Amino acid sequence: MTHQFTALTPEQKQELSSIAQRVVASGKGILAADESTGTMGKRLEKIHVENTEENRRYFRQLLFTADSTISQCIGGVIFFHETLYQKTDAGVPFPKLVKDKGIVVGIKVRCVQIHTDQPVCVSGLDGLMSSCAQYKKDGADFAKWRCVLKISDSCPSSLAIEENANVLARYASICQQNGLVPIVEPEILPDGDHSLLRCQYVTEKVLAAVYKALNDHHVYLEGTLLKPNMVTAGQACPKKPSPAEVGMATVTALRRTVPAAVPGICFLSGGQSEEDASLNLSAINQCPLPKPWKLTFSYGRALQASTLSAWAGKPGNLQAAQAAFTERAKINGLASTGSYVQSGQKDKAASQSLFTASYVY
Amino acid sequence: MPHQYPALSPEQKKELADIAQQIIAPGKGILAADESVGSMAKRFNQIGVENTEENRRLYRQLLFSADERINSCIGGVIFFHETLYQSNDDGVSFVQMIKDKGILVGIKVDKGVVPLAGTNGETTTQGLDGLSERCAQYKKDGADFAKWRCVLKISETTPSELSIMENANVLARYASICQQNGIVPIVEPEILPDGDHDLKRSQYITEKVLAAVYKALSDHHVYLEGTLLKPNMVTAGHACPSKYTAEEIAMATVTALRRTVPPAVAGVTFLSGGQSEEEASLNLSAMNNCPLGRPWALTFSYGRALQASALNAWRGQKENESAATEEFIKRAEVNSLAALGKYEASGDGSGAASQSLYVANHAY
């Protein structure tokens, strides 16, 4: 504890910090297109599309070849391993396609979950050092690792909090050694009937542990991003908070735990409908409390639901699907600067709740 | 861990947050006039004054008699227990004098450092016994905030994990108890400037110590918006051959704080730790000009760095009292500017102002 043994050179720090800044540049957020094969299966099943490698490739191509205006709202895309090595119809590798649009490429690194009562983040650390080195060579500049916690009468336990914080810190440390900016994701699931206040309390405890662990592991905060849940009531809670309440509770929790050195906070959408995810993000940015980090999105479902619906697996729907995606990207870009106000017209797919119990992907 | 049992009601939180905000209002800082009897002995020794209760009263009187010019520079005064119950020559209590200026009254509540067995001369701080009752009484007697000082030291083997953990924990207990009694706790984890370590090492250790402090505060359910932090600036050790500019000190300090101090903390009130009056002011001003984002107020909580010239001018002589008070007002105004990032080197190398106030292994 008394001596510093440099984890990173000034040049390494500079590289990490500028990657992070680019991902969360003003008005931009992240497209989380990193659904695993199994999770893509669930998505495609809903629109009656077969879960083949080709269909997965086609759908991601649909997203990545959308109008160039998405470069103004998307700072980074998170890839699944398979997707990082796929190409467009014309043979252009997806990472190159995305980079050429000025968007940073990210990669989900393996995190296997055990399906017990208490979700525990297990493994993925083995061989992570060499995986990261390879991903960096293959075009990635940031990574994502998701840990899961749950609220119940007995959860999260101190063990779950400490263990997940520790593994996130190990992952972050290894990433930085390989020039990858780690997105740290300690997701507290929305499952349950707990109140907004309870979620805020648990979120504060979890984030305090995460940042203590990152400090213990000598992680360079300026070269990281945080991907937390917004502070909301549980899905089964009778009282649904307004976006302004979500904004206040979320920003308060973050102000109490996330050091100003962290350049950006990119919220997960966690089963919120596309519209709720955008309204809540905008409300967060409108919260009157001082917010020293960028507050933006890292959305999967909340950016893709309408797109999937519009595509429905039919090539003839390509343009409509891309238009739907571009629209959601633009809206969330506005939300990330607090400029999105409810549209008035209620798009059915947009309002439909995307909650799936005990969500795993 | 899964359930919240509210430590404070919304009204209690509001009171604490308001007090904190009042102390660190723009351009304001803290006069640390809480020297123990033993520390006052050292001060008086340097100017040939006998350390009697009356002399201590006379000295604090000349500080508190400062005119309305200090009202916009000083947000709070930290008292020592004895001083809280003293009055001026006209029988007006010191507490009343200070409050009448719109300045808040604070009280030092720790009972000094004690050794941590099995360490290399490290300490923790005592004073938790009966602290709740004492805080309740102090609140009745006019105090709205408190201060508790922990001390850490840099060497080949220190600070140890035990020292960091123990001091963080005792600070969190103190803070929790204060808040229960409507008192804003100033949390002071001082890392001494003794040693030959460089700026980088100081920064590294400051980050480790502060991370532990804020984890402990979270664990103890302390309401951060109703606290203040009183840290050391990040500087090289006194015996370090390399000298650093105010800008370097500011950059190292603000970087360390940005990595560890949550934005919810109302303000950071630096200790002067033996820096000369001028250094302390220049460094503070540089902090407030640092180009990095600073989500908390950065101001002063100075003892020696506000009083050295005043003590020197007084030298225990009644006829010097106004001159001494004037010296204090001058330093208060300078530090007020520094807290706004508006103070530049004055040019006149006033003797007492530049003289290093470093006293080895400072304990007071």
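Everything quoted here is computed from the prediction, not taken from an experiment. In what follows, every chain begins at residue 1, and chains take the letters A, B, ... in the order their sequences are listed.
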If one checks every heavy atom of Leu224(B) against chain A at 4.5 Å, the contacting part turns out to be side chain
Does the side chain of His217(A) reach to within under 4.5 Å of the side chain of Tyr171(A), using non-hydrogen atoms?
no
From the list Asn215(A), Leu197(A), Leu289(A), the residue making the most non-hydrogen contacts under 4.5 Å with chain B is Asn215(A)
So, the part of His218(A) with a heavy atom under 4.5 Å from chain B: the answer is both
**Prompt:** Would a 4.5 Å heavy-atom cut-off, applied to side chains only, mark Thr227(B) and Val265(B) as touching?
**Reply:** yes
| Do NZ/NE/NH1/NH2 and the carboxylate oxygens of Lys13(A) and Glu222(A) come within less than 4.0 Å? | no
Exercise for the section: Report yes if some heavy atom in the side chain of Asn120(B) is under 4.5 Å from a heavy atom in the side chain of Ser160(B); otherwise report no. Expected result: no
Scanning both residues in full, the closest heavy-atom pair of Val24(A) with Cys266(A) reads CG1-SG, 3.8 Å
With a 6.0 Å cut-off (strictly less than), is the heavy-atom count around NZ of Lys239(A), excluding the residue itself, greater than 12? no
By residue number, those in residues 250-260 of chain A with heavy atoms under 4.5 Å from heavy atoms of chain B are Thr252(A), Arg255(A), Arg256(A), Thr257(A), Val258(A), Pro259(A), Ala260(A)
Worksheet item: Is a donor on one side and an acceptor on the other found under 3.5 Å between the side chain of Gln179(B) and the backbone of Gly226(B)?
Response: yes
Under 4.5 Å to a heavy atom of chain A? For Tyr223(B) that would be side chain
So, the part of Pro290(A) with a heavy atom under 4.5 Å from chain B: the answer is neither
Note: Leu226(A) and Val262(A) closest approach over all heavy atoms is N-CG1, 4.4 Å
